[in-house]
Amino acid sequence: MARAVEAGIVVQFARGIYCPPMIPDGMGYAAISLVNPGGVLCMQSTAVIHGLSDENPQVIWYATDRNKTRGTPTSPNREPMRLMFWSDAAMAAGVETMKFAGVDVLVTSPARTVIDMLRLSSKAGHGEQPMRALRDFIYAAGNTAELWSNAEALGCRDQMVAVLRLADEIRDNLPSPRSL
């Protein structure tokens, strides 16, 4: 492998992770998933992936099961990581698989991403981003029933009632994100 790196055939993205010289899109997501298998890409990282935010986060948001983690999960050299520890139920609710750089990566669904950003906004310091993500989710014809379902599965339905009822009521009156 060292000869291939010296010849420029591949580059070392992180320890034990090699890729073509033109680093593929999403390689950071793939690398974190390879280094820390079983975790879930979440929060601001998935908001960008699902088109719910145009603000590129400074770190990759990644969740791991708090009951199965031994030691501290690590970040590959090139990508800083913000780690979250979730319960078994949170690791399964609203999670789907996407492929980045040829690697299957677990990510939160658009509805789950919105719920996480709303319920964890005080811890994550997102400012207006959660409400913008909610607006963009609804504008993109997101189903508010999915929001309710994810809030129920995560045990935060009561916390979300006011915001989700408002979202149900104003869904048809939201302006286009392009006009804001």
Atom pairs and distances, side-chain donor-acceptor, residues 86-99, under 3.5 Å, sequence neighbours left out:
residue	atom	partner	partner atom	Å
S87	OG	A90	N	3.2
K99	NZ	D104	OD1	3.0

Side-chain heavy-atom pair L41, L106 within 4.5 angstrom cut-off: no
Qualifying ring pair (Phe, Tyr, Trp, His ring centres under 6.0 Å) pairs with a residue from residues 146-171, counting only residues at least two apart or across chains: none
For S149, all residues meeting side chain to side chain donor-acceptor pair (under 3.5 Å), sequence neighbours excluded: none
Heavy-atom check, side chain of V107 versus side chain of R112, under 4.5 Å: no
Which residues share a side chain to side chain contact (heavy atoms under 4.5 Å, CB included) with V103, sequence neighbours left out: A30, L34, V105
For N36 against Y62, the heavy-atom pair lying closest together: O-OH, 2.6 Å
Qualifying salt bridge (Lys or Arg N to Asp or Glu O under 4.0 Å) pairs with a residue from residues 140-156, counting only residues at least two apart or across chains: E152-R157
Working for side-chain contact (heavy atoms from CB on, under 4.5 Å), residues T144 and I138: CA-CA 7 Å; T144 55; I138 293 170; 4.3 Å; yes
Which donor-acceptor pairs under 3.5 Å do side chains of residues 46-55 form with protein atoms, sequence neighbours excluded?
residue	atom	partner	partner atom	Å
T46	OG1	M43	N	3.4
T46	OG1	M43	O	3.1
T46	OG1	T108	OG1	3.1
T46	OG1	T113	OG1	2.9
H50	NE2	T108	O	2.7
S53	OG	E55	N	3.1
S53	OG	Q129	NE2	3.4
E55	OE1	Q129	NE2	3.1
E55	OE2	R132	NH1	3.1

From CE (M131) to CG (D136), nearest 0.5 Å: 11.5 Å
Side-chain heavy-atom pair D116, M84 within 4.5 angstrom cut-off: no
Pairwise side-chain contact, F137 with L147, heavy-atom cut-off 4.5 Å (strictly under): yes
Gap separating the CG atom of L164 from the CD atom of Q159, nearest 0.5 angstrom: 10.0 Å
Euclidean distance, R82 CZ relative to I60 CD1, rounded to 0.5 Å: 14.0 Å
